[in-house]
There are 2 protein chains.
Amino acid sequence: MAIQLPKGIKRTPQRLAILRYLEGNRDHPSAEEIYRDIKRDFPTMSFATVYNTLEALRAHGQVIQLSIDPKRRRYDPDTTMHHHLICRRCSRIVDIHIDFDISLPEEFNKGYSLIGSHIEFYGICPECKEDRDEDNKV
Amino acid sequence: MAIQLPKGIKRTPQRLAILRYLEGNRDHPSAEEIYRDIKRDFPTMSFATVYNTLEALRAHGQVIQLSIDPKRRRYDPDTTMHHHLICRRCSRIVDIHIDFDISLPEEFNKGYSLIGSHIEFYGICPECKEDRDEDNKV
DNA sequence: CACTTGACAAGAATGTTTCTTATCTGGTAT
DNA sequence: ATACCAGATAAGAAACATTCTTGTCAAGTG
């Protein structure tokens, strides 16, 4: 199912451009990347509009905010249950669509009511391994 | 084993104060909290010293940086393998010391070499549930 | 056609983290 | 003891991401 504007949120060219950008995007872009890329074709786009639209989409469950990258918030239009693997050098993120059994037993809840969970995997991506190999050759 | 200053890093009153603060701390404090609390007893403490010391400790594996709270970086002196549960309302974080089997099969690596993993659980903490109950009564 | 509502752009403000600079301190060699 | 040097420090500036404010604009309604 394609990503939609929540009901009660007006369809505007700016918002549709953001939707188009996110649709099928697997790069987990930050607000700044979205803004920068869209601004090329849409020079009047404002930063606030990007943040406002992302927040509206998030509030209606149309995108997920990722905190896996400590430098900046990232956005993921894939709202199906999945996990992420991030490169420790370049912060490239890829999806991990595997269903792990990580149910938290009641007695370990510490009194919290549970909403969800998410696994962060850390590693080094192929490109960064390449680069490091080249470094070593010198 | 207690948290130690890495070799080659001089023992200074400021750094020892930070170590003392972190020792056994289960609150996953941010740099700002550490700075604010220590400054009470140690008025000359500087922000840069907190960040420098935390970075030195992190580089030597003495503390872990958490990105689970999207608002700010948090620090955890417990470097044993464990996971975290964060309250979606107040961002209170508790430790989950359970060993889940979440090994990522080779064929799902996407070419990354794997370094580690970490599970984020999301929920509502007992205190925030209380508050909401009271809200509803009004 | 006036009015209301929501959205917009632009930039200011806030909060977090990093960087810079000048000063200080402790250890070492003389 | 004294001069020197490396590393640490305090203070604040700078950089960066995010949120907020303000004045303007456009669409839809009565």
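Protein chains get the first letters and strands the later ones, always in sequence-line order, with residue 1 at the start of each. The structure presented is a predicted model; accordingly, all values stated were derived computationally and were not measured.
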Undergrad: Run the side-chain contact (heavy atoms from CB on, under 4.5 Å) check on B:Asp76 and B:Val63 step by step: do they pass?
TA: CA-CA 5 Å; B:Asp76 191 343; B:Val63 300; over 6 Å; no

Undergrad: Polar atoms only, N or O, under 3.5 Å: list the protein pairs with nucleotides 18-23 of chain C and their distances.
TA:
from: C:dT18; atom 1: OP1; to: B:Arg73; atom 2: NH1; distance (Å): 3.3

Undergrad: Please confirm whether the ring centroid of B:Phe100 lies under 6.0 Å from the ring centroid of B:His83.
TA: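 B:Phe100 vs B:His83: aromatic centres under 6.0 Å.
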
Undergrad: Think A:Thr44 has a side-chain N or O under 4.0 angstrom from the OP1 or OP2 of C:dA9?
TA: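 Yes, A:Thr44 has a side-chain N/O under 4.0 Å of OP1/OP2 on C:dA9.
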
Undergrad: Compare side-chain N and O positions of A:Arg15 against OP1 and OP2 of C:dC8 and report whether any pair is under 4.0 Å apart.
TA: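 True: A:Arg15 side-chain N/O within range (under 4.0 Å) of C:dC8 OP1/OP2.
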
Undergrad: Specify the separation, in whole Å, of atom CD of B:Glu32 and atom P of C:dT14.
TA: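 Going from CD in B:Glu32 over to P in C:dT14 covers 16 Å.
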
Undergrad: Donor-acceptor check, side chain of A:Glu120 to backbone of A:Ile86, threshold 3.5 angstrom: yes or no?
TA: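 No: the side chain of A:Glu120 does not pair with the backbone of A:Ile86.
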
Undergrad: Which nucleotide of DNA chain D is the first, and which the last, in the 5' to 3' direction, to come under 4.0 Å of a heavy atom belonging to chain A?
TA: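 Under 4.0 Å from chain A, the extent on DNA chain D is D:dA17 to D:dC20.
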
Undergrad: With distance as the sole test, does A:Ser67 use its side chain to make a donor-acceptor pair with the main-chain N or O of B:Ser67 at under 3.5 Å?
TA: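 Side chain of A:Ser67 to backbone of B:Ser67: a pair is present.
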
Undergrad: What pairs with B:Arg11 under salt bridge (charged side-chain N to carboxylate O under 4.0 Å, His left out), at least two apart in sequence or on another chain?
TA: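 Checked B:Arg11 against salt bridge (charged side-chain N to carboxylate O under 4.0 Å, His left out); zero matches.
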
Undergrad: Rounded to whole Å, please give me the gap between CE in A:Met45 and P in C:dA9.
TA: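 Going from A:Met45 (CE) to C:dA9 (P), I get 6 Å.
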
Undergrad: Answer yes when A:Glu55 and A:Arg58 have at least one side-chain N-carboxylate O distance shorter than 4.0 Å, and no when they do not.
TA: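 Looking at A:Glu55 and A:Arg58, the cut-off is met.
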
